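One structure is given below, encoded as structure tokens.
Worth saying up front: this structure is predicted, and the values here are computed from it rather than measured.
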Amino acid sequence: QVQLVESGGGLVQAGGSLRLSCAASGRTFSRYAMGWFRQVPGKEREFVVAISRSGGSTYYSESVKGRFTISRDNAKNTVYLQMNSLKPEDTAGYYCAAAQSSLVPRLSYEYNYWGQGTQVTVSS
């Protein structure tokens, strides 16, 4: 069992930055690929970015490539999402997730555990 707790969301102006954190419980964090998804009410959950167990591989959605950066610290059981050049269309609830996978999963059904989410609101 893995419990995930996101933090770092908030209100920011367009062009600004935020850093989200996702802290995981347990001693097996390094066995999980980690991902970030986002969701707007009434819409499907959207893949944002994922990182492999070691952190050596990442995959970004086209909508955030070049603006967002994912990283992880396995010693701290934490994954981060640095978001720069934020746009109003980035406004959503952001969720981190853990997958028992050796790859870099991009589909929500591939993830086994989910956090409760943190809200990011970007004003124009």
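Proximity of a side-chain donor or acceptor of S101 to a complementary backbone N or O of P105 within less than 3.5 Å is not detected. Between the side chain of N112 and the backbone N or O of Q100 there is at least one donor-acceptor pair closer than 3.5 Å. Distance alone, capped at 3.5 Å, is enough to place a donor-acceptor pair between the S52 side chain and the S57 backbone. Remark: side-chain polar atoms of T121 are not paired, donor with acceptor, to backbone N or O of T91 under 3.5 angstrom.
The side-chain heavy atoms of E6 and S21, taken from C-beta on, include no pair separated by under 4.5 Å. In this structure the side chain of R53 never reaches within 4.5 angstrom of the side chain of S30, judged on heavy atoms.
Side-chain contact check for S17 and N84: at least one donor-acceptor pair (N or O, by modelled atom type) lies under 3.5 Å.
Of all heavy-atom pairs between R38 and A92, the closest is CB-CB, 3.8 Å. The two residues Y111 and A97 have their closest heavy-atom pair at CD2-CB, 3.4 Å. Closest non-hydrogen pair, D90 versus S85, comes out as OD2-O, 4.4 Å.
Heavy atoms from other residues, nucleotides or ligands lying under 6.0 Å from CD of E89 number more than 12. Other residues, nucleotides and ligands contribute only 12 or fewer heavy atoms inside 6.0 Å of the CD atom of Q3. For CZ of R31, the number of neighbouring non-hydrogen atoms (other residues, nucleotides, ligands) closer than 6.0 Å is 12 at most.
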Could you go step by step and tell me if E44 and S108 meet the side-chain contact (heavy atoms from CB on, under 4.5 Å) rule?
CA-CA 10 Å; E44 290 188 359; S108 59; over 6 Å; no

Would E46 and V40 count as a side-chain contact (heavy atoms from CB on, under 4.5 Å) here? Give the steps.
CA-CA 9 Å; E46 174 190 8; V40 175; over 6 Å; no

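With ring centers used as reference points, F37 lies under 6.0 Å from F47.
With a 6.0 Å cutoff to the six-membered ring centre and a 45° limit on the axis angle, R106 counts as a cation-pi contact of Y59.
Clustering of Ile, Leu, Val, Met, Phe, Trp and Tyr by side-chain heavy atoms under 4.5 Å joins L4 with V2, V12, L18, L20, F29, Y32, M34, W36, V48, V49, I51, Y60, V64, F68, I70, V79, L81, M83, L86, Y94, Y113, V120, V122.
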